[in-house]
Amino acid sequence: MRAGAGDESQQPLIVEESDNDATALPEITQKQANRLIWLLTLSAGLSGLLFGYDTGVISSTLVSIHEDLGRPLTTFDLSAITSSTSLLALLASPLAGHFADVVGRRPVIAAACGLFIFGALFQSAATNVWTMVLGRSVVGAAVGAASAVVPLYIAEIAPADRRGQLVSVQSVFITGGQVVAYIAGWAVMGRWRWSVGFGSVPALIQAALLVGMPESPRWLVLKGRDDDAAAVFSRLGHDDCDHIVAQVKHEVKQEQLSASGSMFKELITVPANRRALTIAAGLQALQQLSGFNSLMYFSATIFALVGFTSPIGTSLSISVSNFVFTLLAFTIIDRVGRRRILLYSIPFMILGLASCALAFMHIDASPSDSISPSSDASTPASSPWSLVLLFSLIFYVAAYATGLGCVPWQQSELFSLSVRSLGSGLATATNWTSNFIVGATFLPMMHALGPSVTFLVYVFVCVVGYVWVWRCYPETKNLELEEVKKLLENGWGVRAGERP
Ligand SMILES: O[C@H]1[C@H](O)[C@@H](O)[C@H](O)[C@@H](O)[C@H]1O
């Protein structure tokens, strides 16, 4: 049941072709299957790179536009350009979930890819604020659709014992894309049309790779295309394709028997589905409300505020740490497990945030008069508390990237097949809604409450989140998707998930 592509006990994959060479072929075909799984994961994961790039590039773009859009940008223009992306992402993700169910996962990934290309070129040709907002919105729709459907597609093609790692490829690509965006923004030295237009390049590569990408075999079973599904499972290295197709079919049949009408109703009324949605959406909300993206968007502002002479350069340390520790998560997630990673890492996030709050108490930072990355704040960077702040932020980011930055994107494994696409879409929409809330409230909170209290608010969110994860999030490592569903049937499944 848990045999994956890496399982030593696997049989020859393409039995008809392997009959006359039973000794050599299993190893070769196993390698081919592994290679295919990686290729598909990387092809789909390119959407993550675009997600990271397009969300990261905005910070350097905003400070480079000057009057290129026909007039100097007002604060309202800045907010409209920035928030249009997350707003469209939050609208697009449930829609993408719906379409992934109706037309399949692959066409939605392809549509997002097209939008990434169009949005990047449209932005780079923008002549006024509103065409720029339109370009950012198109990219937002692409980011929303991709972030809902790519982890779902990868989870459905991945072998159980490597699913955590393969789904985490998306997080590695997102954070890598953010680093590339920071560097590209700096390298083009103000020629923002180049840096935003560059976003079309990985999308074009992805468009070429999509040609050979098969549809998710689990979706094929859902649509009654069992032979096609068995062929894809076989290419993915499953030893007993008929068995796994039968297993997925059994799940589909059971769900059809229990189906209470619309998919949304089924998601809300069936207890296991409701629990899955609560966990998936809760983890996504926690990921965002714990405040990380306030650093992604405003770390340069914070570093200017406390007197660093090169705030934009210093803020690169945030995105690089985020990337490096996401790589760590990618390496350990299937060994340590999702739940355990969160229970180990959230306390370190709390420690990092609390020590930021402490450092701010000793720094004379008054956001009311210097809340802009370009302002040269008067507090000298030589203050040891500024360094304490920098290291605390990096510490917090490292803990975030190892756990909460990565784990919530495993969301689709929690849902049973019949509601998986809608559930993933709604959890992704929760991510973007919370992202929007943090982006919109961080600076006002810094003004109204002061930096220390603002960071204590994030401490509070993490403490509540920790207790909730401990009570409600079961371990899902190494389970087949069909087994995860069973965990949530009679409760949160925390005990049942904690077996060796
Ligand atoms: O998992 C990603 C990653 O942590 C990114 O760095 C962050 O900007 C995104 O909001 C998040 O969803």
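Remember, it's 1-based here, ligands and their atoms both numbered in the order they're listed. All residue numbers in this chain count up from 1 along the given sequence.
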Measure the acute angle between the ring planes of F292 and Y400, then classify it against the limits of 30° and 60° as parallel, tilted or perpendicular.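 F292 vs Y400 ring planes: parallel.
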
Can you classify the ring geometry of F118 versus F122 as parallel (below 30°), tilted (30 to 60°) or perpendicular (above 60°)?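 The arrangement is tilted - the two ring planes meet at 30° to 60°.
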
Enumerated ligand 1 atoms positioned under 4.0 Å from heavy atoms of [X]:
X    : value
T175 : 6 (O)
F292 : 6 (O), 7 (C), 8 (O)
N322 : 6 (O)

Please classify the N431 to ligand 1 contact at 4.0 Å (heavy-atom distances, strictly less than): side chain, backbone, both or neither.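 Just the side chain.
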
I'd like to know if the side chain of R162 pairs up with that of N34 as donor and acceptor (distance under 3.5 Å, no hydrogens or angles considered).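 Indeed, the side chains of R162 and N34 share at least one donor-acceptor pair under 3.5 Å.
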
With a 3.5 Å cut-off and no angle check, do the side chains of T428 and N431 form a donor-acceptor pair?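 There is no such pair (donor and acceptor under 3.5 Å, judged by atom type) between the side chains of T428 and N431.
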
Return the residue, atom name and 0.1 Å-rounded distance of the protein heavy atom closest to [atom].
atom                    : value
atom 1 (O) of ligand 1  : G405 O, 2.7 Å
atom 4 (O) of ligand 1  : Y400 OH, 2.7 Å
atom 12 (O) of ligand 1 : Q287 OE1, 2.8 Å
atom 2 (C) of ligand 1  : W409 NE1, 3.7 Å
atom 5 (C) of ligand 1  : Q178 OE1, 3.6 Å
atom 8 (O) of ligand 1  : N293 OD1, 2.7 Å

Test: R163 and E480 ion pair at under 4.0 Å: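 Result for this pair is no, no salt bridge flagged.
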
Pairing of R105 and E215 as salt bridge, 4.0 angstrom limit: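 A salt bridge is absent here (no side-chain N lies under 4.0 Å from a carboxylate O).
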
Check whether any N or O atom of S171, backbone or side chain, sits under 3.5 Å from an N or O atom of ligand 1, and answer yes or no.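 Among all N and O atoms of S171, none is under 3.5 Å from an N or O of ligand 1.
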
Tell me if a side-chain donor or acceptor on E413 pairs with a main-chain N or O of L481 at a distance below 3.5 Å.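 A pair under 3.5 Å: no.
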
Is it true that Q288 lies under 4.0 Å from ligand 1, counting heavy atoms only?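 Yes, that is the case, since the closest heavy atom of the residue is under 4.0 Å from the ligand.
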
All pairs passing side chain to side chain donor-acceptor pair (under 3.5 Å) where residues 132-150 contributes a residue, at least two apart: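 Non-adjacent pairs meeting side chain to side chain donor-acceptor pair (under 3.5 Å): T85-R136, Q123-R136, S147-W432.
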
